[in-house]
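Please read all numbers here as calculations on a predicted model, not as lab measurements.
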Amino acid sequence: LRNLSGKTYKLDDASEINRGGEGRILSIKYYPSVVAKIYFPNITPLNQKKFDFLVKLNDNFVKPKELLYDEHSKVTGFLIQTIFWIILME
């Protein structure tokens, strides 16, 4: 997967932390401050308009950091700062 600027992130099924109704949460090797939420194929992912709204929320919210795209430039998930990392930074 990649972000809008083309930076790639390699995700591994073994790095799954949890899953819910919309998708899975995976840790990313070498990036301990973020996790990736990857949507299940039958779920409509976050779109750019909603992403733009969410990133403007105040700092009382954990917000998405970057959208993630597949090889067809389709949004498949997003990066989000880990709660653990936020606590360390305070």
Side-chain angles (χ1 to χ4, degrees):
L1 298 177
R2 62 175 179 76
N3 65 11
L4 192 57
S5 64
K7 182 176 184 174
T8 59
Y9 297 91
K10 294 188 186 230
L11 303 177
D12 184 327
D13 288 339
S15 66
E16 183 174 310
I17 297 168
N18 207 345
R19 61 176 51 218
E22 291 185 334
R24 306 179 305 145
I25 304 295
L26 296 107
S27 62
I28 305 170
K29 192 173 187 178
Y30 307 117
Y31 297 95
S33 66
V34 294
V35 293
K37 176 176 181 176
I38 306 301
Y39 290 99
F40 292 131
N42 60 331
I43 300 295
T44 302
L46 191 67
N47 60 37
Q48 187 68 51
K49 183 177 179 180
K50 190 170 182 181
F51 175 82
D52 291 343
F53 171 78
L54 291 172
V55 297
K56 292 177 185 173
L57 292 173
N58 69 40
D59 289 337
N60 292 328
F61 296 92
V62 177
K63 304 173 278 193
K65 297 183 73 58
E66 297 182 75
L67 291 174
L68 295 174
Y69 301 86
D70 66 12
E71 66 275 4
H72 305 290
S73 297
K74 179 183 173 207
V75 173
T76 57
F78 57 87
L79 297 179
I80 192 164
Q81 191 168 21
T82 62
I83 299 293
F84 176 74
W85 196 260
I86 292 170
I87 292 168
L88 285 178
M89 299 302 287
E90 289 183 346

Novice: Looking only at heavy atoms, which two atoms of Y39 and P45 are closest? And how far apart?
Specialist: CD1-CB, 3.5 Å

Novice: Main chain of S27, side chain of S15: is a donor-acceptor contact present, judged purely on distance under 3.5 Å?
Specialist: yes

Novice: About how many Å separate CD1 of I38 and CG of L1, when rounded to the nearest 0.5 Å?
Specialist: 5.0 Å

Novice: In the structure I gave you, are the side-chain heavy atoms of L67 and L4 within less than 4.5 Å of one another anywhere?
Specialist: no

Novice: I want to check something: taking the side chain as every heavy atom from C-beta on, are V35 and L79 in contact at a cut-off of under 4.5 Å?
Specialist: no

Novice: As a quick check of understanding, evaluate side-chain contact (heavy atoms from CB on, under 4.5 Å) for N47 and V75, giving each step before the final call.
Specialist: CA-CA 7 Å; N47 60 37; V75 173; over 6 Å; no

Novice: Tell me which pairs pass side chain to side chain donor-acceptor pair (under 3.5 Å) where either residue lies in residues 48-60, with sequence neighbours left out.
Specialist: Q48-D52, N58-N60, D59-K63

Novice: Of the non-hydrogen atoms in A14 and D12, which two are nearest, and what is the gap between them?
Specialist: N-OD1, 2.8 Å

Novice: Without hydrogens or angle criteria, can the side chains of R2 and S73 be said to hold a donor-acceptor pair below 3.5 Å?
Specialist: yes

Novice: Can you see which heavy atom on F40 is nearest to which on R24, and at what distance?
Specialist: CE2-CG, 3.6 Å

Novice: For a quick test of reading the model, state the closest non-hydrogen atom pair linking I43 to G21 and the distance between them.
Specialist: CD1-O, 3.8 Å

Novice: OG1/T76 to CG/L11 distance, rounded to the nearest 0.5 angstrom?
Specialist: 8.0 Å

Novice: State which residues pass ring pair (Phe, Tyr, Trp, His ring centres under 6.0 Å) with Y9; sequence neighbours excluded, sorted by chain then number.
Specialist: Y31

Novice: What are the two closest heavy atoms between L26 and I17, and how far apart are they?
Specialist: C-CD1, 4.1 Å

Novice: With side chains defined as the heavy atoms from C-beta onward, is the minimum distance between V34 and K65 less than 4.5 Å?
Specialist: yes

Novice: Using 0.5 Å steps for rounding, measure from the CG atom of N18 to the CD1 atom of I25.
Specialist: 7.5 Å

